[in-house]
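Whatever order the structure lists them in is the order used to number ligands and atoms, beginning at 1.
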Amino acid sequence: MGASDTSSPSKSADMAQSEEVFVGSIDQGTTSSRFLIFDKQGEPVAVHQEEFRQIYPNPGWHEHDPNEIVTSVENCIEGALKIFEKDGHKKESIKAVGITNQRETTVCWDIKSGEPLYNAIVWTDTRTAALARELKAREGSDKLQDICGLPISTYPSVTKLLWLLRNEEKVRKAYEAGNLAFGTIDAWLIYKLNGGPKNNVFVSDPTNASRTMFMDIHSLKYSDKTIDFFSYEFDLRKVHMPEIVRSADEKAFGKLTSGVLSGFPITGCLGDQSAALVGQKGFEPGHAKNTYGTGCFLLYNVGTKPVISTHGLLATVAYNFDGKPVYALEGSIAVAGSGVKFLMNNLGFSSQSHKISELAETVSDNGGLVFVTAFSGLFAPYWIDDAQGTMFGLSHHTERGHIARATLEAVCYQTKAILDAMEKDSGHKLSELRVDGGMSNSELCMQTQADLVSIPIVRPKMRETTALGAAIAAGFASGVWKTFDELKEVNTAGQTTFQPKMSAKDSAKMFKKWERAVSMCKGWVAEEEKEEGDEQAAKELSEESKKEGQVAASL
Ligand code: ADP
């Protein structure tokens, strides 16, 4: 499979015990790709990052160019390796490569040519709101969450795939010809990095497959029941779907077939939020982490049995390294750092994220302002798709600082609501919350979080925990680490703990105001507007399909 390279680490298994070993990690995020090389102590010794285009063709639509994603990853590998070798390291000491990726984002491609048939539809995209409503109204929709862990919404990959089948001619034609391949970003990347149709390495791990709604979360196999449910218009058995394999595997993910690391094995794969839990070493039931990136995702390790939430959370796979899967309860918040970016890009508040936090510090409190940042509706634990971004409490007193502060606070309130739901679902109270992600750089945001949830917030010094998680998965499969115990000391030095300082009474008062704001923004997108929006979207769609056809043709 793939080009061979005499410098491949798989062929130098008898390396001297004392030789330093490294693991590479591809971190394919929503706004950028990175490649990091970690040593055995979990320290990154080389990093390269590249942003790629965010495509917003219509309100609520969010796309990526699948080929651009692959190129950005290849560039990152090259960039990081240059630094690595310049520092005197030898690439032969890289034992394996792991992959972590944005989840749910959906790619359709032609299984024969290996070329994408449409842009990737990103997890934040809400064009499927009407379709999700239609699916929810179908008999049996309420049974799906027990099987796959997720409720129907715009969020999982299935609605994106169905939308593409309905609306995009190229996708439908490939389906009719039996050539349609569907995958999340992990499957797409692994397929392309392995040389595409030539080697046809077409796999996904359970942490990613559990985000499609096609996988039975109990058996980690495709579920006939959910596939039947969604097959009322198109027979989804005709769509090529990746084989579901373990998150750490010596062989299943193949190897890189081009570039500076050609021949190096890919031995680990985890969806980004599961990777962050692993990178935070959340290996015991009761461990939890919250990642404040573009969105914000709280994962709580529930052990070896999935917990199907009755309080608005999702059941997901934390990891499956050895055939004994570990599960998590998840609270997903659609808008976190993207709220900061909104203040920067749309309102011109600043050109740097940390300045938004500094702006928020210019005021002593939110001045009575609550900003419900429901740009994609509200996700967990509310799941309100007819909410829209709304500010409550504007007055002559309101300054930009208040708006900045209210934007940071919005994520903290939603995290508090998620933790309350987790306590109800699991019956346990969390003792501390580990955090990471770009927005966790904001001291104010983290202190506010501690004040609102009344437990310590622990932030590691090295915050590339998502990439570290993928490296750990790959390192387990390639023998770099053998037990969780060996990882105990990894990334513990220099962590910061934010202790709650606010009185319980004040904290409860703030939260109550937030809850009032949430209840008041419900139903803002009225039924007739939704229908008009759907009609308008359908009209725009036919034009957009033509335009996108041209873009795809020029790829
Ligand atoms: P992703 O992996 O989802 O692309 P990252 O973890 O890289 O996201 O986080 C990027 C987000 O964090 C951006 O939206 C950025 O605006 C925000 N961010 C970064 N630094 C800060 C800061 N000091 N204060 C507030 N937000 C920040």
Side-chain angles (χ1 to χ4, degrees), residues 25-36 44 47-54 62 64 69 72-73 76 99-105 120 122-125 185 270-277 279-280 289-299 332-362 371 373 375-376 379 400-401 403-412 415 434-449 457 459-460 462-470 496 498:
S25 179
I26 295 168
D27 181 357
Q28 204 303 296
T30 309
T31 54
S32 71
S33 300
R34 289 170 223 186
F35 187 68
L36 295 93
V47 184
H48 187 86
Q49 177 172 359
E50 203 170 290
E51 294 205 344
F52 52 86
R53 269 185 316 145
Q54 303 299 315
H62 188 183
H64 293 153
I69 283 183
S72 72
V73 166
C76 288
I99 293 183
T100 178
N101 55 282
Q102 51 169 321
R103 304 171 305 168
E104 297 95 18
T105 299
V122 181
W123 60 272
T124 48
D125 190 293
I185 291 292
L270 291 164
D272 53 7
Q273 302 312 323
S274 291
L277 184 67
Q280 291 270 19
K289 70 88 208 175
N290 203 17
T291 301
Y292 301 74
T294 303
C296 182
F297 300 87
L298 203 155
L299 260 69
S332 328
I333 301 168
V335 174
S338 55
V340 171
K341 285 257 162 103
F342 167 78
L343 299 187
M344 289 158 55
N345 302 339
N346 299 37
L347 304 189
F349 273 26
S350 172
S351 55
Q352 289 168 302
S353 302
H354 69 93
K355 292 262 161 100
I356 300 294
S357 188
E358 283 169 26
L359 184 62
E361 282 173 28
T362 60
F371 186 5
T373 49
F375 302 151
S376 303
F379 282 17
R400 292 185 329 152
I403 296 178
R405 201 164 179 126
T407 306
L408 301 181
E409 285 179 356
V411 189
C412 303
T415 296
R434 305 172 192 187
V435 299
D436 50 49
M439 209 173 164
S440 74
N441 289 321
S442 165
E443 310 272 316
L444 175 64
C445 186
M446 293 304 98
Q447 185 55 52
T448 307
Q449 190 65 84
I457 300 295
R459 183 180 69 185
M462 199 290 290
R463 295 206 267 291
E464 297 287 3
T465 42
T466 306
L468 177 60
T496 309
F498 297 85

**Q.** Taking every non-hydrogen atom, the tightest pair across Pro460 and Val435
**A.** CD-O, 3.0 Å

Q | Subset of ligand 1 atoms that lie under 4.0 Å from at least one heavy atom of Gly437 | A | 6 (O)

Q: Measure up the Phe342 and Phe375 rings against each other and bin them: parallel (under 30°), tilted (30 to 60°), perpendicular (over 60°).
A: tilted

Q) Could Arg459 and Phe498 be counted as a cation-pi pair, given that NZ or CZ must be under 6.0 Å from the ring centre and within 45° of the axis? A) no

Q.
Using a 4.0 Å cutoff against the non-hydrogen atoms of Thr31, which atoms of ligand 1 qualify?
A. 4 (O)

Q: Going by heavy-atom distance to atom 25 (C) of ligand 1, choose the closest among Gln352, Glu443, Met439.
A: Met439

Q. Below 4.0 Å from any atom of ligand 1, is there a heavy atom belonging to Arg34?
A. yes

Q. For Ser32 and Gln49, does a side-chain donor sit closer than 3.5 Å to a side-chain acceptor?
A. yes

Q) Going by the atom numbers of ligand 1, which of them fall below 4.0 Å from some non-hydrogen atom of Val340? A) 16 (O), 26 (N)

Q | Arg463 and Ser440, any side-chain heavy atoms less than 4.5 Å apart | A | yes

Q. Counting each atom of ligand 1 from 1 as listed, which ones have a heavy atom of Asn441 under 4.0 Å away?
A. 20 (N), 23 (N)

Q. What atoms of ligand 1 come closer than 4.0 angstrom to any heavy atom of Lys341?
A. 14 (O), 16 (O)

Q. Nearest non-hydrogen atom to atom 13 (C) of ligand 1 belongs to which of Cys296, Gly295, Gly337?
A. Gly337

**Q.** Any Gly29 heavy atom less than 4.0 Å from ligand 1
**A.** no

Q) So do the side chains of Ile69 and Ile185 get within less than 4.5 Å of each other, counting heavy atoms only? A) yes

(Q) Starting from atom 3 (O) of ligand 1, what is the nearest protein heavy atom, named by residue and atom, and what distance separates them? (A) Thr294 OG1, 2.7 Å

Q) With side chains defined as the heavy atoms from C-beta onward, is the minimum distance between Arg405 and Leu444 less than 4.5 Å? A) yes

(Q) Starting from atom 15 (C) of ligand 1, what is the nearest protein heavy atom, named by residue and atom, and what distance separates them? (A) Ser353 OG, 3.2 Å

Q: Would you check if Gln280 and Asp436 make a side-chain contact, meaning some heavy-atom pair closer than 4.5 Å?
A: yes

Q: Tell me which protein heavy atom sits closest to atom 6 (O) of ligand 1, plus the residue, atom name and distance to 0.1 Å.
A: Gly438 N, 2.9 Å

